[in-house]
Participant: 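Sharing a structure with you now.
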Amino acid sequence: MFQSRLALFSLVWFVALGGVASSQNDGEVHPQIWPESESPVGLDPKIESRITKLISQMTLRQKVGQVIQADIGSIQPDDLKTYPLGSVLNGGNSAPGGDNRADAQAWLDLADAFYQASQQCDLQGGPYIPLMWGTDAVHGHNNIVGATFFPHNIGLGATRNPKLLREIGAVTAKEIRVTGQEWTFAPTIAVVRDDRWGRTYEGYSEDPAVTASYTGELIEGIQGVAGQDDFLTGAHVIATAKHFVGDGGTFGGKDQGDNQMSEEDLRDLQAAGYPVAINAGVQCVMASFSSWQGKKIHGHRGLLTDVLKGRMGFDGFIVGDWNAHGQVPGCTVTDALPVLNAGLDMFMAPDSWKGMFDSLMQHAEAGEVDMARLDDAVRRILRVKLRAKLFDAGLPSTRPFAGDFDQLGTPEHRDVARRAVRQSLVLLKNNKQTLPLSPSSTILVAGDGADNIGKQCGGWSLSWQGTGNSNDDFPGGTSIYDGLKAQMNAAGGDAILASEAAPRIKPDAVLVVFGEDPYAEFQGDVETLAYKPEDRSDLQLLQQYHDQGIPTVGVFLSGRPLWVNAEINATDAFVAAWLPGSEGVGVADVLLAKTDGTPQYDFQGKLPYSWPRTPDQTPLNVGDEDYDPLFAYGYGLTYGDQVTVGELAESYDAQNLAGRSRFFQSGRAVAPWQMTLAADDETVAVRATRAATTGGTLQIYSADEKAQEDIRVVRWNGARPAAFAFTSPTPVELASDQKSIRIRLRVDQPASEDVTLRLSASDSSATVSITDRIAAAGQGQWVSLTVPLTSFSNSDAALSGCSGIEIATDGSLQISVSDIDLQ
Ligand code: BGC
Ligand code: BGC
C-alpha cells in the first residue's frame with residue numbers, strides 16, 4: 001500500500017514538473033511548449049468552399065493521385081494520362097531526357113508536356129486539377145545551364161545580411177519561372193550542430209538566431225508577400241521550409257540519422273526557423289529523413305500533426321523526402337499508410353509512385369484509409385494550388401517569364417550573386433597585411449580550385465553531387481582565376497595560372513585555391529574534420545611557394561570548417577571562401593586592391609560556424625561549456641585589423657583518421673583514395689555517376705541499394721584485361737597484418753576468368769586470387785568477402801606504402817560494390 005502510493009506520488013510529481021526535460025521520452029511531444037505562429041495568408045472562405053466542392057466531385061483515384069509525387073526520371077508524360085498524380089519533381093540527377101545539360105527550352109518543353117498530359121488524363125468524371133512541379137533550386141536555379149549559382153547557404157550565413165536573402169530568393173524564383181516550374185524545395189533551415197554532416201553547407205549557421213533571421217526574408221523573396229497581388233504568382237514560386245525537424249542535430253552528424261536532443265533543445269536549437277517560415281506565409285514544409293529519439297519523423301504524428309499543423313497552425317501541406325516514407329517501421333517505399341496517418345500530405349515517391357498509387361488504392365478500397373485524413377491532405381494540396389492560382393495559370397510556357405531565357409543569369413542577377421560572394425568571404429589570417437594584393441603586380445594562381453567553377457559550386461549543381469562539371473557548363477560564370485585575370489589585366493598586372501606559367505616567372509605573390517571536392521547529402525558525411533589527412537598535395541603546393549618566401553595566400557573552398565592548421569601555417573593570408581557558386585569574380589573584388597593600393601571592398605564575412613582546433617573537436621558550437629575553438633563563431637578579420645596569427649599546432653595523432661581503414665564507402669571513394677578504371681595503358685578517373693574505359697571494356701555506374709547512389713555497378717566485358725581500382729596520390733600506411741580487406745559486393749554476372757585482388761606500392765605489389773570467393777558468393781546476393789592481409793604473398797612493401805588497391809580480371813564479370821575497407 002505504502003509502496004504503491006509512493007509510486008503514484010512520484011508519477012504525479014514527474015508530470016507536474018513537465019516531464020519533458022528528460023532526454024529520452026520516446027519521442028513523445030508536448031505541443032504546449034512549442035511556439036505558436038500564424039500564417040499571414042489566412043483561410044479564404046471562397047477558396048475553402050471551392051475546395052469542398054472539388055473534393056466532393058473528385059474520384060478516389062484523383063484523391064490518391066494528388067498525394068503522390070513522381071520523379072521525372074521515372075515517369076513519362078504519358079503516364080499522367082492514366083495516373084492523375086498531383087505533382088512531379090526533378091531529383092538532383094533528373095533532367096529532360098536524362099541530360100543534366102539539357103537546355104532551358106528542353107526544361108520548359110517538358111513542363112508543358114507533363115502539364116498537357118495531365119490535362120488529357122481520363123478523369124472518369126472528376127474535375128481537372130492542375131499539376132505542380134517541384135525542383136531543388138537551393139542555391140539559385142541550380143539544375144539549369146546558364147542560371148545564376150549563388151553561394152551555398154553556409155557562405156550566405158557568413159554575410160549576416162538577411163536583406164540579401166530576400167534578393168536571392170527573388171532572383172531564384174524568377175529564374176525558376178523561366179523554365180516553367182512553380183515550386184522549389186528551399187530554404188533548408190537546418191541548424192547544423194555537427195559539421196561532419198554532409199549537408200553542413202546547406203545550413204546557414206550553427207546559431208539558430210541567424211537561421212531565424214534569414215528564413216522569413218528568403219521565403220518572402222521566393223514567394224512574394226502574402227496579401228500582395230503577385231504572391232506565389234508572376235515572378236514568384238512556392239517555397240518549402242525543410243527538413244522538419246532536427247535534421248541538423250543528428251548524432252555524429254550522420255545524414256538521415258537520429259537526433260537525440262531533449263524536446264526543448266529540438267525546439268530552440270533546431271526548429272527556430274519554422275515559426276518564422278509560417279509567419280512569412282510558407283506554403284510547404286518537407287519532412288526530414290532523420291529521426292527524433294529513435295523515431296522517424298515521417299511517421300511522427302506528434303511532430304507533424306500536433307506540433308506543426310496543430311500548435312504552429314501550419315495550413316499548407318507537408319511533402320515527404322525522397323522515398324523516406326519507406327524507412328518508417330512497417331512501411332516500404334510503395335506502401336506507407338502509417339505515414340499518411342501521421343500527417344504527411346504528399347509522398348515523394350520518385351521511382352515508387354506507381355506502387356504507392358496501387359497500394360493506396362487497395363487500402364482505400366478495402367476501407368483501411370481514414371478518408372477524413374486523405375481529404376485533409378488533398379485539401380491542403382488544393383489550397384496551395386489555388387493560392388498559387390494554378391487553376392488559371394494555363395500551360396507553363398504561357399505564364400509570365402516562361403521562355404524568357406534572357407532572364408537566366410542576367411547581369412543584374414549575377415551582380416546579386418557577386419555581391420553575396422564578396423560579403424561571404426571570411427578572412428582568417430592576414431599576417432604582414434599580405435592582402436589586398438596589388439592589381440598591377442604579377443600573381444601566380446595555383447591549386448585545383450583556381451580555374452574550376454564546378455568546384456566553386458559544390459553539390460546540387462547541374463547534378464546531385466555536383467561532380468563531373470567543367471567551366472563550360474557554367475556559361476556566363478567566372479572562375480576565381482577569371483576574375484583575377486580580368487581585373488589585373490585592366491590594371492596593368494597579370495594573373496597567371498601555375499599550370500601554364502613559364503618556369504622562370506617570378507611572381508609577386510601566389511594565390512592557391514584548394515579545398516573539398518563537390519558532394520551532397522550523406523555522401524559528404526565524414527568521420528573527422530581533418531582536411532584530406534592522407535593527401536598532402538595541397539599542403540605541399542602551399543609550402544613550395546611559402547618556403548621560397550613568396551607571399552602566399554590560401555583560398556579555401558569548403559562546405560564546412562575543417563582542420564587545416566598545416567595549410568594555414570603555410571600561408572601568409574588565408575581566406576575561407578566556402579562554396580561561392582558561379583560568380584568567382586567576387587573573390588577578386590575583395591582580394592585585389594585598387595590601383596592606389598586601398599581596398600576595393602573590405603572583408604565583411606564572419607564565421608557562421610566555429611572553426612575547430614583539432615580534427616576531432618566536433619560537435620563544436622558557440623555557447624558550449626569549455627568552448628575552445630581555433631577561430632570562434634563570429635570571427636572574421638577586416639583590412640583594418642592588425643592581427644598576427646601565430647604558428648598553429650600541426651601535430652595530431654592521425655592514426656585513426658579516415659582514409660586509413662576505408663577505401664570505398666556507400667558508393668564513394670574515401671579520401672585520399674580515388675576511384676579509377678584501368679585497362680592497358682589507360683586510366684580513367686571516376687568523377688561522375690558513370691564512367692567507362694575506351695571501347696567500354698570496363699564500365700561503371702551508380703545505383704541504389706539502401707539509399708540513392710550508395711553502390712556502384714562495375715562491368716567487365718572481357719575484351720581486354722581491366723581493373724577497378726582505388727589509388728592514392730600519397731602512399732598510405734596499411735601495415736597491420738592482423739587485418740583483412742573486406743569487400744561488400746553482389747555478383748551480378750559470374751566471372752569467366754580468374755579474378756585477383758592487388759595491393760600496390762610505388763615499386764612493388766602483392767596479389768591474391770579471389771576467383772574462388774567470387775564463385776562461392778553465388779549470384780544476386782550481397783556478401784562480404786574477407787581477404788586477410790596475411791594471405792597476400794610479398795605484402796610488406798605494399799602494406800607500408802600502399803598507393804593502390806584493385807580488383808582485376810581478363811574476362812567478363814559484373815559486380816555491384818558498396819564498401820571496401822580494412823577490418
Ligand atoms: C536524387 C536526389 C535525391 C537523392 C536522395 C538522388 O538520386 O537525384 O534528388 O535528393 O537521390 O538521396
Ligand atoms: C533531399 C531533399 C531534396 C529531395 C529532392 C532529398 O534526398 O533530402 O533535400 O529536396 O531529395 O531532390
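What you are looking at is a predicted structure, and each value in this text was computed from that prediction instead of being measured. Just follow the structure's listing: the first ligand is 1, and inside any ligand the first atom is 1.
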Participant: Need the ligand 2 atom indices (1-based, order shown) with element for anything under 4.0 Å from a heavy-atom of Asp136.
Facilitator: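 Near Asp136, meaning under 4.0 Å from one of its heavy atoms, ligand 2 has 3 (C), 5 (C), 10 (O), 12 (O).
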
Participant: Looking only at heavy atoms, is any part of Phe289 under 4.0 Å from ligand 2, and if so is it the side chain, the backbone, or both, or is it neither?
Facilitator: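 The side chain, only.
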
Participant: Would you mind telling me if ligand 2 is within reach of the side chain of Glu202, the backbone, both or neither, using heavy atoms under 4.0 Å?
Facilitator: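 Looking at Glu202 and ligand 2, no heavy atom falls under 4.0 Å.
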
Participant: Is Phe185 close to Met286 at the side-chain level, that is, under 4.5 Å between some pair of heavy atoms?
Facilitator: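 They are in contact (side-chain heavy atoms under 4.5 Å apart), so the answer is yes.
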
Participant: Would you call the rings of Trp464 and Phe522 parallel, tilted or perpendicular, where under 30° means parallel and over 60° means perpendicular?
Facilitator: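 It falls in the perpendicular class, over 60°.
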
Participant: Has Gln76 got more than 12 heavy atoms of other residues, nucleotides or ligands less than 6.0 Å from its CD?
Facilitator: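 12 or below, so no.
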
Participant: Look at the rings of Phe357 and Tyr83 and say which category their plane angle falls in: under 30° parallel, 30 to 60° tilted, over 60° perpendicular.
Facilitator: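 Judged by the thresholds at 30° and 60°, the geometry between Phe357 and Tyr83 is perpendicular.
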
Participant: Within the 4.0 Å heavy-atom shell around Trp322, which atoms of ligand 2 are there?
Facilitator: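 Heavy-atom distances to Trp322 below 4.0 Å select 6 (C), 7 (O), 11 (O).
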
Participant: Name all pairs fulfilling the salt bridge (charged side-chain N to carboxylate O under 4.0 Å, His left out) condition that reach into residues 167-178, sequence neighbours left out, sorted by first residue then second.
Facilitator: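 Every pair satisfying salt bridge (charged side-chain N to carboxylate O under 4.0 Å, His left out) with a residue in residues 167-178: Glu167-Arg419.
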
Participant: Compute both the distance and the angle, then confirm whether Arg744 meets the cation-pi test with Trp782: under 6.0 Å from the six-membered ring centre, within 45 degrees of the axis.
Facilitator: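 Satisfied, under 6.0 Å and within 45°.
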
Participant: Run the numbers for me: atoms of ligand 2, each under 4.0 Å from some heavy atom of Phe185, listed by number.
Facilitator: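 The atoms of ligand 2 under 4.0 Å from a heavy atom of Phe185 are 10 (O).
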
Participant: Is it the side chain (CB and beyond), the backbone, both or neither of Thr188 that lies under 4.0 Å from ligand 2, heavy atoms counted?
Facilitator: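 None of Thr188 does.
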
Participant: What are the atoms of ligand 2, with element, lying closer than 4.0 Å to any heavy atom of His243?
Facilitator: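 Selected atoms, number and element: 2 (C), 8 (O), 9 (O).
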
Participant: Mind checking whether Lys242 has an N or O less than 3.5 Å away from an N or O of ligand 2?
Facilitator: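 N/O-N/O distance under 3.5 Å: yes.
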
Participant: In chain order, what residues pass the side-chain hydrogen bond (donor to acceptor under 3.5 Å, both in side chains) check against Asp376, with sequence neighbours excluded?
Facilitator: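 side-chain hydrogen bond (donor to acceptor under 3.5 Å, both in side chains) check on Asp376 returns Arg373, Arg380.
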
Participant: Heavy-atom contacts with Leu89 under 4.0 Å: which atoms of ligand 2 show up? List them by number with element.
Facilitator: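 Within the 4.0 Å cut-off of Leu89, ligand 2 contributes 5 (C).
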
